[in-house]
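Excluded from the calculations below are hydrogen atoms, water molecules and symmetry mates; all remaining heavy atoms, backbone and side chain alike, are included.
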Amino acid sequence: MASHSHKKTWDEEIADVIHDTEAERSRVKETDPRLFKLWDINQKYLFLVKNMLVADVKTNSPEQLMAVLPNTSLDITQKPIFMGLENKNSCLSCVKSGNGQYQLELKEKAIKDLYSDPKNAKAFTFYSKSDGNADTCSFESAEFPEATALKEHDPRLFKLWDIDEKYLFLVNNVLVADVKSSNSPEQLMAVLPNTSLDKPRQPIFMGPENKNSCLSCVKSGNGQYQLELKEKAIKDLYWDPKNAKAFTFYSKSDGNGDTCSFESAEFPGWFLSTSSEAKKPLGLSQKGGPQNVLFYFERKL
């Protein structure tokens with residue numbers, strides 16, 4: 001009976017690159033990089049355009065292969081690697097701009113030079129690991145652990161509805177919860193992480209799909225906590241998240257994992273909520289009141 005070939009995970013591929021035991025590393029000195037084709041979960045591949053790496057849908061142009069070699073001076077259990085362009089004298093590097101933003105640059109540096117002298121090359125290093133079902137992987141900057149290389153530019157899209165089967169609709173620039181009708185498509189919500197806050201609490205930004213606005217938690221003149229849609233692009237918040245606590249929600253699964261809740265990072269203890277009545281705007285409420293604070297979710301993209 002024919003056997004199925006085992007598809008290696010990213011961790012297994014990089015373990016091969018690194019030669020994951022001291023005995024192998026002392027015996028073998030790898031000089032030629034391994035080449036990989038990378039593409040994101042939206043089927044966008046890497047292309048080199050005017051000395052910049054861009055992600056785009058596949059065309060007639062051949063995608064850019066990435067050369068990979070290990071950084072043997074760092075903890076090998078974290079799979080530290082250098083990444084450069086095939087047949088180019090340049091590698092990916094993580095830098096901090098004058099205004100404090102983390103940026104990815106292609107710097108003129110041969111990947112073999114980094115491999116031969118890795119000790120001061122943390123800015124060129126990424127910790128790589130398999131993710132989820134091992135068909136995907138991620139690359140974390142060794143220089144800036146809170147930032148990620150090949151960061152996701154496009155938000156994930158989710159359909160949300162409350163436990164009373166009321167869906168989200170955008171009416172006159174206000175998000176309301178209403179029963180689903182055949183004529184009106186529900187409003188999908190775009191989601192991106194706030195990478196400046198505590199990652200285990202899953203801080204996120206949320207905004208209506210294809211709109212230049214995001215959910216924000218504010219305090220009114222009479223001291224009440226309110227939910228507003230403010231004119232702010234979700235990608236702008238994603239790239240500059242440090243002063244965006246009012247736009248941030250801590251998200252977590254609830255109960256059996258079919259539902260989730262969204263707690264305001266600005267006002268702890270206050271959650272995204274819907275009224276028990278239909279056609280009412282979303283708001284902020286504490287748990288235990290008449291409002292719904294649990295939502296079902298379905299990822300659409």
Side-chain angles (χ1 to χ4, degrees), residues 40-41 94 96-97 99-104 127 129 131-132 136 138-141 143-162 168 175 187-209 211-219 225-255 257-274 282-287 291-301:
D40 71 14
I41 59 173
C94 299
K96 197 170 186 178
S97 68
N99 61 4
Q101 287 189 332
Y102 300 131
Q103 296 179 340
L104 189 70
Y127 294 126
K129 66 175 182 178
D131 191 82
T136 58
S138 61
F139 305 97
E140 181 182 16
S141 166
E143 183 80 346
F144 307 118
E146 64 270 35
T148 307
L150 303 180
K151 288 183 83 172
E152 186 169 23
H153 291 209
D154 294 324
R156 303 281 178 95
L157 296 180
F158 289 89
K159 177 170 70 174
L160 299 177
W161 64 101
D162 70 14
L168 307 189
L175 273 176
Q187 178 66 57
L188 296 182
M189 298 299 291
V191 172
L192 279 174
N194 181 337
T195 55
S196 71
L197 295 181
D198 187 11
K199 187 176 179 181
R201 299 188 70 185
Q202 300 179 143
I204 59 171
F205 303 117
M206 291 193 292
E209 179 193 15
K211 303 290 182 183
N212 203 44
S213 55
C214 286
L215 292 178
S216 175
C217 302
V218 299
K219 194 172 185 178
Y225 299 138
Q226 296 179 337
L227 188 73
E228 292 185 356
L229 264 181
K230 285 198 172 179
E231 190 171 335
K232 190 75 174 178
I234 192 169
K235 289 185 181 181
D236 291 344
L237 293 171
Y238 176 64
W239 285 113
D240 188 16
K242 291 194 174 176
N243 296 309
K245 205 171 182 181
F247 292 91
T248 306
F249 297 86
Y250 293 124
S251 59
K252 67 174 182 177
S253 298
D254 194 271
D258 289 335
T259 57
C260 58
S261 62
F262 305 97
E263 182 182 14
S264 168
E266 184 80 346
F267 306 122
W270 291 80
F271 294 80
L272 186 68
S273 65
T274 61
L282 271 67
L284 292 175
S285 302
Q286 294 180 303
K287 287 185 174 180
Q291 291 82 7
N292 297 311
V293 297
L294 295 179
F295 293 84
Y296 292 101
F297 60 94
E298 179 184 336
R299 183 176 167 187
K300 306 301 288 186
L301 180 64

Quick one: closest heavy-atom pair of [X] and [Y], and the distance?
X	Y	value
Tyr250	Leu197	OH-CD1, 3.8 Å
Phe205	Thr248	CE2-OG1, 3.3 Å
Leu175	Gln187	CD2-CG, 4.0 Å
Pro193	Tyr238	O-CD1, 3.3 Å
Cys214	Leu237	SG-CD1, 3.8 Å

Non-neighbouring partners of Asp40 that pass side chain to side chain donor-acceptor pair (under 3.5 Å), sequence neighbours left out: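 Asp40 satisfies side chain to side chain donor-acceptor pair (under 3.5 Å) with Lys44 once adjacent residues are dropped.
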
Set of residues satisfying side chain to side chain donor-acceptor pair (under 3.5 Å) with respect to Thr274, sequence neighbours excluded: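 Testing Thr274 for side chain to side chain donor-acceptor pair (under 3.5 Å), a comparison that skips the adjacent residues, returns Asp162, Asn292.
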
[atom1]-[atom2] distance between [X] and [Y], expressed to the nearest 0.5 angstrom:
X	Y	atom1	atom2	answer
Lys300	Leu188	NZ	CG	7.0 Å
Met206	Ile234	CE	CD1	9.0 Å
Ile204	Met189	CD1	CE	9.0 Å

Answer yes or no: are there more than 12 heavy-atom neighbours, outside Lys219 itself, under 6.0 Å from its atom NZ? no

Which residues share a side chain to side chain contact (heavy atoms under 4.5 Å, CB included) with [X], sequence neighbours left out:
X	answer
Ser273	Ser285, Gln291, Val293
Glu228	Val218, Gln226, Lys230
Glu231	Asn212
Asn243	none

Do Lys235 and Pro155 have side chains that get closer than 4.5 Å, going by heavy atoms?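 They are in contact (side-chain heavy atoms under 4.5 Å apart), so the answer is yes.
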
Below 4.5 Å, heavy atoms only, C-beta onward: do Leu215 and Leu229 meet side chain to side chain? yes

Between Cys94 and Leu104, is a side chain to side chain contact (heavy atoms under 4.5 Å, CB included) present by the stated rule, with each step listed? CA-CA 5 Å; Cys94 299; Leu104 189 70; 4.2 Å; yes

Taken in chain and number order and not counting sequence neighbours, the residues that satisfy salt bridge (charged side-chain N to carboxylate O under 4.0 Å, His left out) with Asp236 are none

Which residues satisfy the salt bridge (charged side-chain N to carboxylate O under 4.0 Å, His left out) test with Lys159, sequence neighbours excluded?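 In terms of salt bridge (charged side-chain N to carboxylate O under 4.0 Å, His left out), with neighbours along the sequence ignored, Lys159 is linked to Glu186, Glu298.
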
Below 3.5 Å, can you tabulate the donor-acceptor pairs from side chains in residues 259-268 to any protein atom, sequence neighbours excluded?
from   : atom 1 : to     : atom 2 : distance (Å)
Thr259 : OG1    : Asp254 : O      : 3.3
Glu263 : OE2    : Gly269 : N      : 2.6
Ser264 : OG     : Glu266 : N      : 3.2
Ser264 : OG     : Phe267 : N      : 2.9

Kindly write out the residues that satisfy ring pair (Phe, Tyr, Trp, His ring centres under 6.0 Å) with Trp270, not counting sequence neighbours, or none if the list is empty.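 Counting only residues at least two positions away or on another chain, Trp270 forms a ring pair (Phe, Tyr, Trp, His ring centres under 6.0 Å) with Tyr225.
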
Pairing residues for Tyr296 by the ring pair (Phe, Tyr, Trp, His ring centres under 6.0 Å) criterion, not counting sequence neighbours: Trp161

